[in-house]
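These figures come from a predicted structure and were not determined experimentally.
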Amino acid sequence: RWSRLLQICEDFIMSFFGDIFAGKAEQKAANYNAKIIEDNKKIKLGEAKQIMSVHNDFNLPRFDKTVEEIQGATTVNYASSGVALSGTVVEALYQNELELQTDRDVMTFNAENARDRSENEAIMMQAEADLQRFRGKVAKKRSYYNAASSLLGDAATIQGMG
């Protein structure tokens, strides 16, 4: 009878502390995963910022310079060919400018769209990190409930032996 009681107590200690340590380990792992996700979120936000920086500081100025060169070369070609810069020629230059500005707007739209996608991914990453932390808290609480349940079950077993 004493050996059975001793075995029950030993099982209780292993089960009780095992449950608690397991819950704490799950929470620690969840917090670690959340930290990694948040680090990746920061990278995504940096990407979003870089997309617009490259667009505004490099792509647009280069595009604007190219537009000026195209329009200037077109004007010079018309002028050097002896065509008067009026009527159809002005309309052609105007149409060319409209197309180039449309291309510029499309470039800006695409850059903003890419930025928004990166920002949305960052938002989803934060939600996933928060979910990981929540799961860790739940695992820790569950381990306490399991430990308490184990305690109550073993206490009932011991009481039933008496």
Is the shortest side-chain heavy-atom distance between Val67 and Arg104 below 4.5 Å? no

N/O donor-acceptor pair under 3.5 Å between Ser53 side chain and Gln50 backbone: no

I'd like to know whether Gln101 forms a side-chain hydrogen bond (donor to acceptor under 3.5 Å, both in side chains) with Asp105, so could you lay out the CA-CA distance, the side-chain angles of the two residues, the decisive distance to 0.1 Å, and finally the verdict. CA-CA 6 Å; Gln101 289 307 316; Asp105 291 343; over 6 Å; no

With a 6.0 Å cut-off (strictly less than), is the heavy-atom count around CD of Glu112, excluding the residue itself, greater than 12? yes

OG1-CD distance between Thr74 and Gln71, expressed to the nearest 0.5 angstrom: 5.5 Å

Could you state the interatomic distance from NZ (Lys137) to CZ (Arg135), rounded to the nearest 0.5 Å? 14.5 Å

Scanning both residues in full, the closest heavy-atom pair of Ala34 with Ala129 reads CB-O, 3.4 Å

Please lay out, stage by stage, how Arg142 and Glu26 fare under the test salt bridge (charged side-chain N to carboxylate O under 4.0 Å, His left out). CA-CA 10 Å; Arg142 183 181 63 235; Glu26 283 185 65; 3.1 Å; yes

Is the shortest side-chain heavy-atom distance between His55 and Met52 below 4.5 Å? yes

If you measure from CZ on Arg115 to CG on Leu45, what distance do you get to the nearest 0.5 Å? 12.0 Å

Within this structure, what is the CG-OG1 distance for the pair Asn59 and Thr66, rounded to the nearest 0.5 Å? 10.5 Å

Is the closest side-chain heavy-atom distance between Ile37 and Gln126 below 4.5 Å? no

Checking Tyr144 against Lys24 for the side-chain contact (heavy atoms from CB on, under 4.5 Å) test, could you report, in this order, the C-alpha distance in whole Å, the side-chain angles of both residues, the deciding distance, and whether it holds? CA-CA 10 Å; Tyr144 289 148; Lys24 286 183 179 182; 3.5 Å; yes

CD of Glu119 to CD1 of Ile51, rounded to nearest 0.5 Å, is 8.5 Å

Distance only, no hydrogens: is a donor on one side chain within 3.5 Å (strictly under) of an acceptor on the other, for Asn31 and Gln27? no

Does Phe109 offer a backbone N or O that forms a donor-acceptor pair with the side chain of Asn113 under 3.5 Å? no

Do Leu100 and Leu93 belong to the same hydrophobic cluster, where Ile, Leu, Val, Met, Phe, Trp and Tyr are linked whenever their side-chain heavy atoms lie under 4.5 Å apart, directly or via other members? no

Are Leu131 and Met125 in one and the same hydrophobic cluster, where Ile, Leu, Val, Met, Phe, Trp and Tyr link if side-chain heavy atoms are under 4.5 Å apart? no

Mind running salt bridge (charged side-chain N to carboxylate O under 4.0 Å, His left out) on Glu47 and Lys44 for me, showing each step along the way? CA-CA 5 Å; Glu47 275 180 23; Lys44 268 297 170 197; 3.1 Å; yes

Give a yes or no on whether Val54 and Leu60 share a hydrophobic cluster (residues Ile, Leu, Val, Met, Phe, Trp, Tyr; joining criterion: side-chain heavy atoms under 4.5 Å apart). no

Any side-chain heavy-atom pair from Met107 and Asn110 closer than 4.5 angstrom? no

Do Glu38 and Arg133 have side chains that get closer than 4.5 Å, going by heavy atoms? yes

